[in-house]
K.L.:
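My questions will all concern the structure given below.
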Amino acid sequence: MTDIIITGAGKGIGFELAKYFAGLNGYRVIGLSRNIDQLKTFQTKNLISVSVDLAAPDASKTINELIELHSLKPGILINNAGLLINKPFVQLQPEDFDRLFATNVKAAFILTQQLMPHFRPNAHIVNIGSMGGFQGSAKFAGLSLYSASKGALSILSECLAEELKDTGIAVNCLALGAAQTEMLQQAFPGYKAPVTASEMASFIAEFAINGNRYFNGKILPVSLSTP
């Protein structure tokens with residue numbers, strides 16, 4: 001049975017990803033989120049819900065305990081956890097910078113690094129970026145630090161793929177466009193996305209399973225609209 005670890009699995013696309021993989025044979029899904037109330041409503045024998053804040057100072061200790069408790073051997077890691085702060089640049093505070101980069105970049109760095117000795121051969125790491133962090137894409141007022149953090153995650157993905165190219169572990173980043181989630185409504189109140197969270201999750205899941213056969217070290221836009 002292949003372990004699949006999904007961060008930010010408590011709602012939105014992450015929750016839909018957990019549901020998708022839990023419905024497939026041959027996978028054990030570990031859903032990580034600060035709030036797992038919604039995950040608890042969809043418990044199956046191959047879905048393990050873990051409440052954890054990957055941006056917390058003690059995250060490394062929590063991850064080590066998780067690895068040991070469940071004897072994790074991930075074949076797929078989807079770093080989906082994300083935070084959005086929508087503020088004009090002049091109103092942003094240093095703590096906003098710290099929170100955004102801790103959740104959107106540092107959490108993926110810490111989790112991936114600590115899982116390195118445990119990945120299965122030919123594992124696939126999929127980092128969930130944003131079109132806001134994709135070079136040359138449309139940019140929007142109020143999302144400067146969010147977009148910058150997602151851009152950092154994209155470049156981290158490229159660099160990690162280069163470092164791991166001799167291990168058989170592939171790393172890619174999907175720069176998502178608009179999908180109907182709570183985060184989208186926070187960024188663009190009242191906007192109706194052309195893609196549902198479930199539809200986007202289905203695409204990400206299929207890519208996580210098969211995409212490393214064709215891509216490595218790539219930042220791939222997945223977008224019908226931005227927004």
Side-chain angles (χ1 to χ4, degrees), residues 1-9 13-33 44-50 52 54 59-60 63-82 104-130 133-134 150 152-176 199-222:
M1 183 169 287
T2 300
D3 286 338
I4 296 179
I5 301 175
I6 303 166
T7 70
I13 292 171
F15 175 70
E16 296 296 335
L17 277 166
K19 281 178 29 179
Y20 184 97
F21 280 114
L24 301 179
N25 293 324
Y27 294 102
R28 181 174 66 161
V29 183
I30 296 88
L32 309 181
S33 180
T44 66
K45 63 181 181 179
N46 64 330
L47 173 60
I48 300 170
S49 303
V50 181
V52 59
L54 294 171
S60 294
I63 294 166
N64 279 332
E65 292 172 350
L66 180 65
I67 291 169
E68 293 179 8
L69 178 63
H70 297 291
S71 300
L72 294 182
K73 295 289 291 182
I76 293 174
L77 167 63
I78 303 178
N79 285 308
N80 167 75
N104 296 350
V105 187
K106 189 177 180 180
F109 156 73
I110 291 174
L111 180 58
T112 303
Q113 189 179 66
Q114 290 191 243
L115 287 171
M116 284 308 305
H118 307 282
F119 279 112
R120 287 177 177 271
N122 301 313
H124 192 191
I125 300 168
V126 181
N127 294 323
I128 302 302
S130 168
F134 189 78
K150 288 297 188 178
L153 182 64
S154 298
I155 301 305
L156 178 63
S157 303
E158 289 182 318
C159 294
L160 186 56
E162 176 63 23
E163 287 202 30
L164 300 181
K165 66 182 180 181
D166 295 328
T167 69
I169 300 172
V171 186
N172 290 295
C173 181
L174 298 179
L176 304 189
E199 289 169 337
M200 186 65 82
S202 295
F203 177 87
I204 295 169
E206 292 297 328
F207 180 82
I209 294 170
N210 297 309
N212 55 330
R213 296 172 57 193
Y214 309 101
F215 300 99
N216 188 29
K218 298 299 185 289
I219 306 167
L220 303 170
V222 185

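All values below come from the heavy atoms of this structure, side chains included, with hydrogens, waters and symmetry mates left out. All values reported here derive from a predicted model rather than from experimental measurement.
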K.L.:
What I'd like to find out is whether the side chain of R120 reaches to under 4.5 Å of the side chain of D3, using heavy atoms alone.
P.N.:
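Contact flag for R120/D3 side chains = no.
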K.L.:
Any idea which heavy atoms bring A9 and A18 closest together, and the distance?
P.N.:
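Scanning both residues completely, I find the closest heavy atoms to be CB-CB, 4.5 Å.
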K.L.:
Output, in order, the C-alpha distance, side-chain angles, deciding distance and verdict of side chain to side chain contact (heavy atoms under 4.5 Å, CB included) for I204 and I13.
P.N.:
CA-CA 9 Å; I204 295 169; I13 292 171; 3.7 Å; yes
K.L.:
Side-chain contact, heavy-atom cut-off 4.5 Å: T167 with F119?
P.N.:
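No, too far: nothing below the 4.5 Å cut-off.
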K.L.:
Would you compute the distance between atom CD of Q113 and atom CD1 of I110 and round it to the nearest 0.5 angstrom?
P.N.:
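The CD atom of Q113 sits 8.0 Å away from the CD1 atom of I110.
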K.L.:
Could you check N212, L77, N216 and say which one makes a side chain to side chain contact (heavy atoms under 4.5 Å, CB included) with I125?
P.N.:
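Testing each of N212, L77, N216 against I125, the sole residue satisfying side chain to side chain contact (heavy atoms under 4.5 Å, CB included) is L77.
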K.L.:
On a heavy-atom basis, which atom in P74 and which in A123 lie closest, and how many Å separate them?
P.N.:
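For P74 and A123, the tightest heavy-atom pair comes out as O-CB, 3.9 Å.
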K.L.:
What are the two closest heavy atoms between N172 and K218, and how far apart are they?
P.N.:
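Closest heavy-atom pair between N172 and K218: OD1-N, 3.0 Å.
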K.L.:
Might you work through the side chain to side chain contact (heavy atoms under 4.5 Å, CB included) test for H124 and N210, ending with a clear yes or no?
P.N.:
CA-CA 9 Å; H124 192 191; N210 297 309; over 6 Å; no
K.L.:
Flag the pair V52 / L66 as yes when at least one side-chain heavy-atom distance between them is below 4.5 Å, and no otherwise.
P.N.:
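No, their side chains stay 4.5 Å or more apart.
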K.L.:
Going by the side-chain hydrogen bond (donor to acceptor under 3.5 Å, both in side chains) test, which pairs reach into residues 64-74, not counting sequence neighbours?
P.N.:
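Listed once each, the pairs are N64-Q114.
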K.L.:
Would you check if L24 and I209 make a side-chain contact, meaning some heavy-atom pair closer than 4.5 Å?
P.N.:
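Yes; the side chains approach each other to less than 4.5 Å.
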K.L.:
For the atom pair CG (L32) and OG (S49), what is the distance rounded to the nearest 0.5 Å?
P.N.:
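OG of S49 is found 9.5 Å from CG of L32.
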K.L.:
Quick one: pull up CG in L176 and CZ in F134 and give me the separation to the nearest 0.5 Å.
P.N.:
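If I round to the nearest 0.5 Å, the distance is 12.0 Å.
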K.L.:
Output yes when a side-chain donor or acceptor of T7 lies under 3.5 Å from a complementary backbone atom of N80, and no otherwise.
P.N.:
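Side chain of T7 to backbone of N80: a pair is present.
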K.L.:
Start with the C-alpha gap between M116 and I169, add the side-chain angles, then the distance that decides, and say whether side chain to side chain contact (heavy atoms under 4.5 Å, CB included) holds.
P.N.:
CA-CA 9 Å; M116 284 308 305; I169 300 172; 3.9 Å; yes
K.L.:
Specify the closest pair of heavy atoms between L47 and G31, including all atoms of both residues, with the distance to one decimal.
P.N.:
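Scanning both residues completely, I find the closest heavy atoms to be CD1-N, 4.4 Å.
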K.L.:
Report the residues that fulfil side-chain contact (heavy atoms from CB on, under 4.5 Å) with E158, sequence neighbours left out, ordered by chain and then residue number.
P.N.:
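Scan of E158 (side-chain contact (heavy atoms from CB on, under 4.5 Å), adjacent residues dropped) gives I155, I219.
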K.L.:
Quick check for you: to the nearest 0.5 Å, what is the distance between N25 atom CG and T2 atom OG1?
P.N.:
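The distance works out to 12.0 Å.
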K.L.:
How far apart are the closest heavy atoms of A107 and L54, and which atoms are they?
P.N.:
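That closest heavy-atom pairing would be CB-CB, 3.6 Å.
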K.L.:
In Å, rounded to the nearest 0.5 Å, how long is the span from CG of N127 to NZ of K150?
P.N.:
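N127 atom CG to K150 atom NZ measures 8.5 Å (nearest 0.5 Å).
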K.L.:
What are the two closest heavy atoms between V29 and A22, and how far apart are they?
P.N.:
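Shortest heavy-atom separation between V29 and A22 comes out as CG2-N, 3.7 Å.
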K.L.:
Only counting residues at least two apart or in another chain, list the ones meeting side-chain contact (heavy atoms from CB on, under 4.5 Å) with A208.
P.N.:
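Once residues adjacent in sequence are excluded, the partners of A208 under the side-chain contact (heavy atoms from CB on, under 4.5 Å) criterion are F21, I76, I78, V126.
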K.L.:
Rounded to the nearest 0.5 Å, how far apart are CG of L156 and CG of N104?
P.N.:
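L156 atom CG to N104 atom CG measures 12.5 Å (nearest 0.5 Å).
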